[in-house]
Amino acid sequence: MAINLSDAHATAVRSHAEATYPHECCGILLGRTVSGVRQVDEVVRMRNANTTTPHNRFDFDPKEHLQVQRGARERGLEVVGFYHSHPDHPARPSQYDLDNASWPGYSYIIVAVARGVAQELNAFELAEDRSHFIQEAVLATNRVGSV
Amino acid sequence: MSIKILIPTPLRPFTGRQEEVEVDGRNVGEALEGLITSHPQLRNHLFTADGKLRSFVNVYLNDEDIRYTGLQQTPVKSSDTLAIIPSIAGGCCCCC
């Protein structure tokens with residue numbers, strides 16, 4: 001599958017990543033799935049609830065997640081994926097990302113941040129057997145770096 | 001009694017694309033059992049082989065996490081809504 005992320009939404013993800021640097025940022029991608037493509041209509045910033053090692057870990061606050069999901073549902077939107085940043089590390093899933101992934105069927109966007117400046121942005125989907133991530137195409141965006 | 005269970009996006013292919021499913025049950029456990037009885041493909045996505053909820057699966061009865069209200073023994077009433085929410089966490093590495 002692919003994800004359709006407009007320039008404005010990609011910028012929103014990058015801006016969040018730069019704002020929280022050197023800590024990781026995290027958020028939710030709301031939209032809908034159209035003809036096999038996850039279409040992002042809204043980027044929702046989430047608080048990184050990991051206060052112990054926020055430079056290399058993120059956790060959602062479950063209640064905040066519940067509220068965002070509820071609000072999305074009321075507006076006819078779906079949770080199509082999530083994003084987080086990797087400060088001073090590549091935009092690739094780590095073993096920790098894999099160990100903590102939920103179900104296949106979401107897009108997981110990772111944006112690298114180098115010395116406070118957002119770099120490459122990539123999207124991944126969890127394989128059906130949960131053994132690895134598969135990189136997916138990011139459509140409709142002019143990104144720094146490449147997928 | 002019948003309660004409503006909200007289905008997260010990636011699990012909707014296993015409920016015939018339904019966003020919510022009505023099930024019967026006196027408590028959360030019975031409601032979840034009703035869900036996987038009517039939609040068996042959900043079992044592996046929600047439960048481990050030994051029948052425990054997967055570690056990343058959070059279940060909310062209205063606004064309350066069932067881990068703090070009696071887990072699957074938490075009683076339900078007909079106006080209740082169960083929400084299944086994945087726990088979301090990650091991070092760049094273990095090296096720094």
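Side chains are part of it too, since the values below use all heavy atoms of this structure and drop only hydrogens, waters and symmetry mates. As the structure is a computational prediction, the values presented were derived from the model and not from experiment. Note on naming: letters A, B, ... go to the chains in the order of the sequence lines (proteins, then strands), and numbering restarts at 1 for each one.
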Within 6.0 Å of CZ in A:Arg75, more than 12 heavy atoms from elsewhere: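 Yes.
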
Does A:Arg92, at its CZ atom, have more than 12 non-hydrogen atoms belonging to other residues, nucleotides or ligands within less than 6.0 Å?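 No.
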
Tell me, side chain or backbone of B:Arg54 under 4.5 Å from chain A's heavy atoms, or both, or neither?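 Neither part.
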
Is B:Asp63 in contact with chain A via its backbone, its side chain, both, or neither, using a 4.5 Å heavy-atom distance?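 Both parts, backbone and side chain.
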
Answer with side chain, backbone, both or neither: which region of [X] has an atom nearer than 4.5 Å to a non-hydrogen atom of chain B?
| X | answer |
| --- | --- |
| A:Gln69 | side chain |
| A:Phe58 | both |
| A:Ala112 | neither |

Starting at [atom1] of [X], measure out to [atom2] of [Y] and round the result to the nearest 0.5 Å.
| X | Y | atom1 | atom2 | result |
| --- | --- | --- | --- | --- |
| B:Thr9 | A:Arg32 | OG1 | CZ | 11.5 Å |
| B:Asn44 | A:Arg130 | CG | CZ | 11.0 Å |
| A:His65 | B:Ile85 | NE2 | CD1 | 5.0 Å |
| B:Ile84 | A:Ser102 | CD1 | OG | 12.5 Å |

Check [X] against [Y] and note the closest heavy-atom contact, atom names and distance.
| X | Y | value |
| --- | --- | --- |
| A:Asp97 | B:Gly91 | OD1-N, 2.7 Å |
| B:Asn62 | A:Leu66 | O-CD2, 3.9 Å |
| A:Pro62 | B:Tyr60 | CB-OH, 3.0 Å |
| A:Asp59 | B:Ala89 | OD1-CB, 3.1 Å |
| B:Cys92 | A:Ser94 | O-CB, 3.2 Å |

Residues that B:Glu22 engages under salt bridge (charged side-chain N to carboxylate O under 4.0 Å, His left out), provided they are two or more places apart: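 Testing B:Glu22 for salt bridge (charged side-chain N to carboxylate O under 4.0 Å, His left out), a comparison that skips the adjacent residues, returns none.
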
Hydrophobic clustering (ILVMFWY, side-chain heavy atoms < 4.5 Å, transitive) - are [Y] and [X] grouped together?
| X | Y | value |
| --- | --- | --- |
| B:Val21 | B:Leu53 | yes |
| A:Val79 | A:Leu126 | yes |
| B:Val76 | B:Ile36 | yes |
| B:Val28 | B:Leu35 | yes |
| A:Leu30 | A:Met46 | yes |

Pairs of heavy atoms under 4.5 Å with chain B: top-ranked of A:Trp103, A:Tyr106, A:Phe60, A:Phe82: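 With the most close heavy-atom pairs to chain B, the winner is A:Trp103.
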
